[in-house]
Amino acid sequence: NFNAVLRDYGRLGILLANDGASGGRQIVPKEYLLDATDWHRQPDAFTPRKATPYFGYGYQFWLFPGEKRRFALLGVYGQSIFVDPELKLVMVITAAAKNASVGKEPLARERDALWRGVVAKYGSW
């Protein structure tokens, strides 16, 4: 459980986008974050489309399929932090779905469309 205000979630995302470094100091070990957020470093069972029908999984991080390292922290009701370290892009969603099974609600599709649209605008998926 983690409880914070929107600004704090954004700060956490920025720290993660910078591989655990802030202000010239390494706060979270970089190798730990790379192990946790790069699906290429995961055992086969935890890679995207094997851990789940879409995401891979690493130490509480949900890993997107594709060659670029992208990951999210996903709350049970849809709250989320999306991180693209290459683009230094962080998106925080604090909205909550009606049910814990977010994948079956419009929120999941809308959130995915938002993430993909912003990434497409500033980089490539």
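What you see below is based on every heavy atom in this structure, not just the backbone, and it leaves out hydrogens, waters and symmetry mates. Here the structure is a predicted model, which is why all the values come from computation and not from measurement.
The CG atom of Leu89 sits 13.0 Å away from atom NZ of Lys121, with the distance rounded to the nearest 0.5 Å. Thr37 contributes atom OG1, which lies 8.5 Å from atom CD of Gln42 (distance to the nearest 0.5 angstrom). Expressed to the nearest 0.5 Å, how far OG of Ser80 lies from CG of Leu107 amounts to 7.5 Å. Distance check, rounded to the nearest 0.5 Å: CG of Leu63 to OG1 of Thr52 gives 9.5 Å. To the nearest 0.5 Å, the span separating OG on Ser124 from CD on Glu86 amounts to 7.0 Å. Distance OH/Tyr9 to CD1/Ile93: 13.0 Å, rounded to 0.5 Å.
Salt bridge absent: Arg109 and Asp112 never bring a charged side-chain N and a carboxylate O closer than 4.0 Å. Contact check on Lys68 versus Asp84 returns no salt bridge, with no Lys/Arg side-chain nitrogen under 4.0 Å from an Asp/Glu carboxylate oxygen. The residues Arg69 and Asp19 are annotated as salt-bridged, a charged nitrogen and a carboxylate oxygen being separated by less than 4.0 angstrom. Using a 4.0 Å cut-off between charged nitrogen and carboxylate oxygen, Asp35 and Arg41 count as a salt-bridge pair.
Using a 4.5 Å cut-off on side-chain heavy atoms (C-beta onward), Phe82 and Val92 make no contact. The shortest distance between side-chain heavy atoms of Gln60 and Leu73 does not fall below 4.5 Å. Counting heavy atoms from C-beta on, the side chains of Glu110 and Leu114 never come closer than 4.5 Å.
A centroid separation of 6.0 Å or more is found between the aromatic rings of Phe64 and Trp39. Centroid-to-centroid, the aromatic rings of Trp62 and Tyr57 come within less than 6.0 Å. Ring pair Tyr59/Tyr32: centre-to-centre distance below 6.0 Å.
Contact detail for Leu16 and Val83: the closest heavy-atom pair is C-CG1, 4.2 Å. Pairing each heavy atom of Ala96 with each of Gln79, the nearest pair is CB-NE2, 4.1 Å. Across all non-hydrogen atoms, the minimal contact from Pro65 to Arg49 is CB-NH1, 3.2 Å. Of all non-hydrogen atoms in Val90 and Ile14, the two that sit nearest each other are CG2-N, 3.7 Å.
Between Phe61 and the options Phe55, Phe46, Phe71, a ring pair (Phe, Tyr, Trp, His ring centres under 6.0 Å) holds for only Phe71.
Around NZ of Lys88, the count of heavy atoms belonging to other residues, nucleotides or ligands within 6.0 Å exceeds 12.
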